[in-house]
Student: 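Have a look at this one before I ask anything.
Since this is a predicted model, take the numbers as computed values, not measurements.
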Amino acid sequence: MDEDDNSRGGNRREDGDNPRRDDDTEAGDTPAETSASTEDAVSAEDIDIQASIGPDTDTPADDLDQHKDPDVGLDKVVLNDDEGSKGLFDDLLAGEPIFENKEVLRPSYTPHELPHRTDQINQMATILVSALRGETPSNILIYGKTGTGKTASAKFVSQELESTSQKYDVPCEVEYINCEVTDTQYRVLAQLANKFIEKNVERIEAEQDRLDEMRTRATEDPNALAETPYDSIAEIDERADELAADADEMETVPMTGWPTDRVYTTFFDAVDYKERVVVIMLDEIDKLVEKSGDDTLYNLSRMNSELDNSRISIMGISNDLKFTDFLDPRVKSSLGEEEIVFPPYDANQLRDILQHRADVAFKGGALTDDVIPLCAAFAAQEHGDARRALDLLRTAGELAERGQADTVEEAHVRQAQDKIELDRVVEVVRTLPTQSKIVLFAIILLEKNGVRNINTGEVFNIYKRLCEEIDADVLTQRRVTDLISELDMLGIVNAVVVSKGRYGRTKEISLSVPIDETEAVLLTDSRLGDIESAQPFVQARFDN
């Protein structure tokens, strides 16, 4: 510490006192004097610290006081040196990224090229090309299991259709609705109505801007009026008033509250406001029929007979090949004019798809040679699900990146497989009905207590006691057997019917999912929250 700092940091005394340094405190000093000199010493330390930080530091002395730790003492000063410290994410960002563009591996991404779906894409294009001639295309139903490229192919064709329509100045639009989310007639019609109202308002505003420009030019130069389709400025004003009135009448539909007839009328008027061909793409169309019946499809399929300016075509996408069995015959005949089936991918096709995406998604050399074949093999076991293959590859890359590995390896793919499977189990178990959760918990209790080859009667006895503990309704044994069959279909348990000879046949039940993780998910349910402390006594069998 320099002399100047010493003189400023020293204990200043009254006139007439003998000056001395603070650290010369003698035994005769009063407590007040000792305290004063300690405070001054801290003040000097503060000044010293500020001097060591440098003149550019913005930390004032008042802020330093706020950092003093009252539990340790006045002489401890904590400074936040932002320049040299490492934050929470610094170490994570230190490694080299593996991904170039991760979004390419997500299901929402529509690629510019879809391998092994050329035939289906060409079939769709052949049907929809009539829209570019101003004609009404046939309705299309697209079938196929999850992850067979249905939605990606339909979106690809739709994008090509819209871009070509702009190229040739043909009014053609495609509207996409996910019926798993928008699953009632009201919501479907309201969402479609609002989309067309928004487009109509944009069109009106653009035309109003052109009219304003025409009016300005015609006012400044009367000869400019000849270049417009109007004979006078009054006609321009009249058209502007008509557009303003049209815009005022276009009221957006609320998500609830209106009668369905009013929503339908609003949608009808919005679509028919101008000449255009509209393709309505209904993804997961079977979910809409399952939830709301076929009224929506009936109304949409009959609209063309009433529309004056527009034409509507429906493109339905479904995982269920049999959903049309429940449709009204009139709807079925009009809706299924053209059917396109998407077969599952095999392992070689999945490998091509993954390689095509990986070239864009990852940095060069980020994947070892066995990663893509292994992802394709795992997904081929799942009925040729490309979505599953892409999820596997993306998750494997994320796990490698989190571990700050330079490359994605086979071990990362196997970890990703386990993680995705566990995530699926967690989601399925979490969304089970309460009664199914109690049945599953009974099976878990039996397995945890060493019972093997569990039969339905044993599950029912434990289930009944658990219901009594949490005050739930007790179902019949036949109904519990049905719930076990449902858990079997979901892949949560494995229930095999075995013959016991003259004792008849019974189901032998075992868990197909990790026991600890499944139990933890069940106990997050508020209804089952106290079940852990109320586990009933389970008597283990001793099988020969």
Student: Mind checking side-chain hydrogen bond (donor to acceptor under 3.5 Å, both in side chains) for Arg424 and listing every partner two or more places apart, or none if nothing turns up?
Tutor: Glu421

Student: Any salt bridge (charged side-chain N to carboxylate O under 4.0 Å, His left out) pairs touching residues 290-299, not counting sequence neighbours?
Tutor: Asp183-Lys291

Student: Asp346: what forms a salt bridge (charged side-chain N to carboxylate O under 4.0 Å, His left out) with it, not counting sequence neighbours?
Tutor: none

Student: Would you please name every residue forming a ring pair (Phe, Tyr, Trp, His ring centres under 6.0 Å) with Phe323, sequence neighbours left out?
Tutor: none

Student: For residues 225-232, which side-chain N or O atoms pair as donor and acceptor with protein atoms under 3.5 Å away, sequence neighbours left out?
Tutor:
residue	atom	partner	partner atom	Å
Thr228	OG1	Leu225	O	2.7
Thr228	OG1	Tyr230	N	3.3
Thr228	OG1	Tyr230	O	3.3
Ser232	OG	Glu235	N	3.2

Student: Please list every donor-acceptor pair under 3.5 Å in which a side-chain atom of residues 169-176 meets a protein atom from a residue at least two apart or in another chain.
Tutor:
residue	atom	partner	partner atom	Å
Glu173	OE1	Lys199	NZ	3.4
Glu173	OE2	Arg276	NH1	3.3
Glu175	OE2	Lys199	NZ	2.6
Tyr176	OH	Asp283	OD2	2.7

Student: Which residues pass the salt bridge (charged side-chain N to carboxylate O under 4.0 Å, His left out) test with Arg117, not counting sequence neighbours?
Tutor: none

Student: I'd like to know if Glu213 and Arg210 make a salt bridge, using a cut-off of under 4.0 Å between side-chain N and carboxylate O.
Tutor: no

Student: Could you check whether Ser153 and Gln120, counting side-chain N and O atoms only, form a donor-acceptor pair closer than 3.5 Å?
Tutor: no

Student: Can you pull the salt bridge (charged side-chain N to carboxylate O under 4.0 Å, His left out) pairs that have at least one residue in residues 350-376, sequence neighbours excluded?
Tutor: Glu100-Lys363

Student: Can you list everything that forms a side-chain hydrogen bond (donor to acceptor under 3.5 Å, both in side chains) with Glu251? Sequence neighbours excluded, please.
Tutor: Arg262

Student: What side-chain hydrogen bond (donor to acceptor under 3.5 Å, both in side chains) pairs are there with at least one residue in residues 236-250, not counting sequence neighbours?
Tutor: Glu207-Arg239, Arg215-Asp237, Arg239-Glu242, Asp246-Tyr273

Student: Checking Phe362 now: which residues fulfil ring pair (Phe, Tyr, Trp, His ring centres under 6.0 Å) with it, not counting sequence neighbours?
Tutor: Phe99

Student: Which residue pairs satisfy the salt bridge (charged side-chain N to carboxylate O under 4.0 Å, His left out) criterion with at least one member in residues 403-418, sequence neighbours excluded?
Tutor: Glu410-Arg414

